[in-house]
Amino acid sequence: MPNSVAHDPMVEEELLSLAKRVLPGGGFGNVGHPTIISRGHGCRVWDVAGREYVDYLLGSGPMIVGHAHPEVLEVIQQVVAEGTTFFTNNPYGIRLAAEIADAMECVEQVRFVSSGSEADMYAMRLMRAHKRKDKILKFEGGYHGMSDYGLISTTPKRVTNFPEGAADSAGIPAAVQQQMVVAPYNDLATVESLIRENLKDLAGIIVEPFQRLIPPVPGFLEGLRQLCNEYELVLCFDEVVTGFRFAYGGAQAYYGVIPDICTMGKAIGGGFPLAAIGGRSDIMVHFDKSAVAEDDFMTQIGTLSGNPVAAAAGLKTLEILRRPGGYEHMFQQGMRLIEGYKTSISRHGILAQVVGDAPMFDLVFNDKKVIDYRSAIGDPGMMAKYNAGMRKRGILKSEGKHYMAHAHTDEDIEATLKAFDETMAEL
Ligand SMILES: Cc1ncc(COP(=O)(O)O)c(C=O)c1O
């Protein structure tokens, strides 16, 4: 195992104080704790002081085949030696687009960008360009990246009356808020009435097919598909998380509902900055200046779009994911944790439940039936204690989610169950 950064408590101390000085809030803004990870291998990571963790953060999802996978490393080392970015087309990006089009049923063509936030921002613009209408319907609690439009009612601090949205961040113009129609997840009747009210201005619907940790109730995604057909709206699945994770063909394959366009990220970049918008050719055509009228053309360029190193890492990652048994293993390991967690929660009498599905799940500290953003609000104090308890016992996870990998071993699962049970005892 490579060990290029010294694992030393003194180094940690120095970096922590340096981070406090030069980074706002002492960090990159992604996590609420100061842990500095310097190394990862498979599903284990190590911090600069040398503490080892079983990793369910997985770089917030991309490392689905595990960190420093030897085959991914071999490929990227070859690619890097030949130059790292050209701005023009490159062979790896073209082949990755073809692989994505084979895998994801709604995708005939692909446009690469560098992050999921960008993919979602452009997907919403694409829907507006295609329909020549300005409004997009999204669901309260659905996360579609950091653009002004994406950050309407993702984590609203105040309760609004649907379809009014709330800006999740300072600096979002009020005009943007008025272009987003916000609906409760898993509630088709409300969606339909909001579509009717806004039909004149509504271009389409963007939805996480599995919203954060909340599964769609039976018929919900099918109902959205039907409503979009009936009212001639574009349906976009945000598959930044679910793509190549719930199934090789994404949530659209897992749930059997095919959107018009989708966004992807995380897994397809193999641990490098790469994301994409994909969809039907008659919608993707707005990216093609030579094929549409000037007013219908959607300008879109990016310095690192389709970067060869990222595309090569993504291609190799997808090849590994296609191997027999990988998804079955990931689902089994996820279910073992879910079942073990449930047993432990009830043994310790904790007011909490496991929400999610085998590839992605976590605790919600309430006893409500979780079907939408509001019913998923738990006890933030308990959540913070639980996360800190797990981290203290060598389990690294996101603040509201476990990501499972094809590489989690039996040993990882056993260590995690033990840490979880101890944490519940402590709570
Ligand atoms: C569903 C979903 N969409 C979009 C994004 C944004 O992706 P990125 O962090 O690459 O900008 C995320 C990130 O977690 C996500 O979960």
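One-based numbering, in listed order, for ligands and for the atoms of each. Keep in mind that what you see is a predicted model, and the values were worked out from it rather than measured.
Looking at S60 and K266, their side chains do bring a donor and an acceptor atom within 3.5 Å of each other. Side-chain atoms of K138 and T154 include a donor-acceptor pair closer than 3.5 Å.
Within the 3.5 Å criterion, the main-chain N or O of M146 finds a donor-acceptor partner in the side chain of S117.
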Could you list, one pair per line, each nitrogen or oxygen of ligand 1 together with any protein nitrogen or oxygen closer than 3.5 Å, giving atom names and the distance rounded to 0.1 Å?
| residue | atom | partner | partner atom | Å |
| --- | --- | --- | --- | --- |
| ligand 1 | 3 (N) | D120 | OD2 | 3.3 |
| ligand 1 | 3 (N) | Y143 | O | 3.3 |
| ligand 1 | 3 (N) | D238 | OD1 | 3.3 |
| ligand 1 | 3 (N) | D238 | OD2 | 2.8 |
| ligand 1 | 10 (O) | G116 | N | 2.8 |
| ligand 1 | 11 (O) | G116 | N | 3.3 |
| ligand 1 | 11 (O) | S117 | N | 2.8 |
| ligand 1 | 11 (O) | S117 | OG | 3.0 |
| ligand 1 | 14 (O) | K266 | NZ | 2.7 |
| ligand 1 | 16 (O) | R212 | NH2 | 2.8 |

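Of the charged side-chain nitrogens involved, none lies within less than 4.0 Å of a carboxylate oxygen, so that K157 and D168 do not count as a salt-bridged pair. Comment: D55 does not engage K397 in a salt bridge, judged by the lack of any side-chain N to carboxylate O separation of less than 4.0 angstrom.
Contacts of D201 classified as side-chain hydrogen bond (donor to acceptor under 3.5 Å, both in side chains), with partners at least two apart in sequence or in another chain: none.
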